[in-house]
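Residue numbers start at 1 and run along the sequence shown. Numbering of ligands and ligand atoms starts at 1, following listing order.
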Amino acid sequence: MEVFAVPDLPEIREGDDLAALIDERVDLREDDVVCVASTVVSKAEGRAFDLDAFPPGPRATEIADRLSAIAGEERDPRFAQAVLEESTELLMEAPFLLTATRFGHVGVNAGIDRSNVPGSDVLLLPERPAESAERLREGVAADRVVVTDTCGRPFRHGQRGVAIGHAGLPAARDWRGETDRDGREMGVTVQNVIDELAAAANLVAGEGDGGTPAVVVRDWPFGDHEGSQAHFRDVEGDFVRQAIREWQYEG
Ligand code: GDP
Ligand code: MN
Ligand code: MN
């Protein structure tokens with residue numbers, strides 16, 4: 001397979017036809033996977049705001065006070081308010097804000113970014129990234145689209161690319177029922193291919209000022225496997241999430 005960046009994309013602004021901007025810069029094939037950084041999807045969808053748009057309520061003020069005390073420097077209660085408004089569940093409020101977004105993604109600060117947003121204070125994630133992916137898919141010559149973000153993860157240092165929305169392909173390859181080299185039937189493995197594609201794309205997209213938010217994955221066959229649309233875990237089946245709910249930071 002080949003993984004390459006879409007060249008020469010401009011600074012993306014609200015209302016831009018992102019799909020057209022991508023499509024006119026690369027000769028896409030039907031089975032390409034176009035991976036697009038949520039940053040530019042959000043910009044096109046008008047998700048950049050000034051912090052004044054989030055007048056803090058008492059809960060946000062309380063959270064920001066606690067975070068300020070932990071950090072030893074001022075944390076903006078308007079930012080905490082923005083995170084709360086983007087979230088359906090607050091999993092941790094110290095020593096950082098870990099929340100679940102409305103579309104099911106669990107992340108620090110509800111995925112709100114403060115970098116790569118010229119002219120505004122914050123950039124929220126797309127409201128419904130699966131729908132964003134579907135719209136992009138309709139506007140480009142490729143049939144498969146993944147919307148990505150850079151995200152930290154538990155147990156490991158550093159951040160990596162993850163998928164937050166997808167269209168035109170299953171989220172996962174279901175290997176259950178297939179056999180290993182020993183003839184043993186696999187009972188567990190559901191390979192989340194959209195996260196793996198997002199990670200590969202993010203490797204090429206970079207993080208800072210690279211200017212390459214869209215990446216094409218070419219000649220990657222899904223293969224002859226069952227597909228699964230499962231991506232974000234349901235709360236009921238997510239025991240780590242349930243454990244985090246019970247945990248309290250004592251610092
Ligand atoms: P995130 O991972 O979705 O939060 O996005 P990043 O801020 O890490 O940006 C991913 C890539 O897109 C980096 O190479 C950035 O330089 C680039 N990028 C961000 N915004 C724009 C934009 O408006 N236009 C272009 N051409 N590149 C951008
Ligand atoms: Mn981001
Ligand atoms: Mn990134």
Quick test: of every protein heavy atom, which one is nearest to atom 8 (O) of ligand 1, and how far off is it to 0.1 Å? Glu207 OE1, 2.9 Å

Among all protein heavy atoms in this structure, tell me which lies nearest to atom 14 (O) of ligand 1, with the distance rounded to 0.1 Å. Ala205 O, 2.7 Å

Parallel, tilted or perpendicular for Phe54 and Phe49, by the 30°/60° rule? perpendicular

Shortest protein heavy-atom distance from atom 20 (N) of ligand 1, along with the residue and atom involved: Lys43 NZ, 2.9 Å

Which of the N/O/S atoms in Asp149 sits closest to the Mn ion (ligand 2)? OD1

Check whether Phe79 forms a cation-pi arrangement with Arg114 (NZ or CZ under 6.0 Å from the six-membered ring centre, at most 45° off the ring normal). yes

For the 3.5 Å polar cut-off, considering only N or O atoms, please tell me whether Ser115 and ligand 1 meet it. no

Closest non-hydrogen atom pair between Leu197 and Cys35, with its separation: O-SG, 4.1 Å

Under 4.0 Å from any heavy atom of Val40, which atoms of ligand 1 are there? 20 (N), 21 (C), 22 (C), 23 (O)

Atom 24 (N) of ligand 1 has as its nearest protein heavy atom Pro10 O, 2.8 Å

Which heavy atom of the protein is the closest neighbour of atom 18 (N) of ligand 1, given with residue, atom name and distance? Pro213 CB, 4.2 Å

Tell me the protein heavy atom at minimum distance from atom 15 (C) of ligand 1, and give that distance in Å. Gly208 O, 3.3 Å

Among all protein heavy atoms in this structure, tell me which lies nearest to atom 9 (O) of ligand 1, with the distance rounded to 0.1 Å. Asn116 ND2, 3.7 Å

Which of the N/O/S atoms in Asp113 sits closest to the Mn ion (ligand 2)? OD2

Considering residues, nucleotides and ligands other than Arg233, do more than 12 of their heavy atoms fall under 6.0 Å from its CZ? no

Closest to atom 1 (P) of ligand 1 among protein heavy atoms sits Thr39 OG1, 3.0 Å

Give yes or no for whether the N/O distance cutoff of 3.5 Å, strictly under, is met between Ser38 and ligand 1. yes

Does an N or O anywhere in Ile12 fall below 3.5 Å from an N or O of ligand 1? yes

Same cluster (ILVMFWY, side-chain, under 4.5 Å), Ile12 and Ile164: yes

Is the shortest side-chain N to carboxylate O distance from Arg176 to Glu178 below 4.0 Å? no

Mutual orientation of the aromatic rings belonging to Phe222 and Trp220 [parallel < 30°, tilted 30-60°, perpendicular > 60°]: perpendicular

The Mn ion (ligand 3) to Glu207: nearest N/O/S atom name: OE1

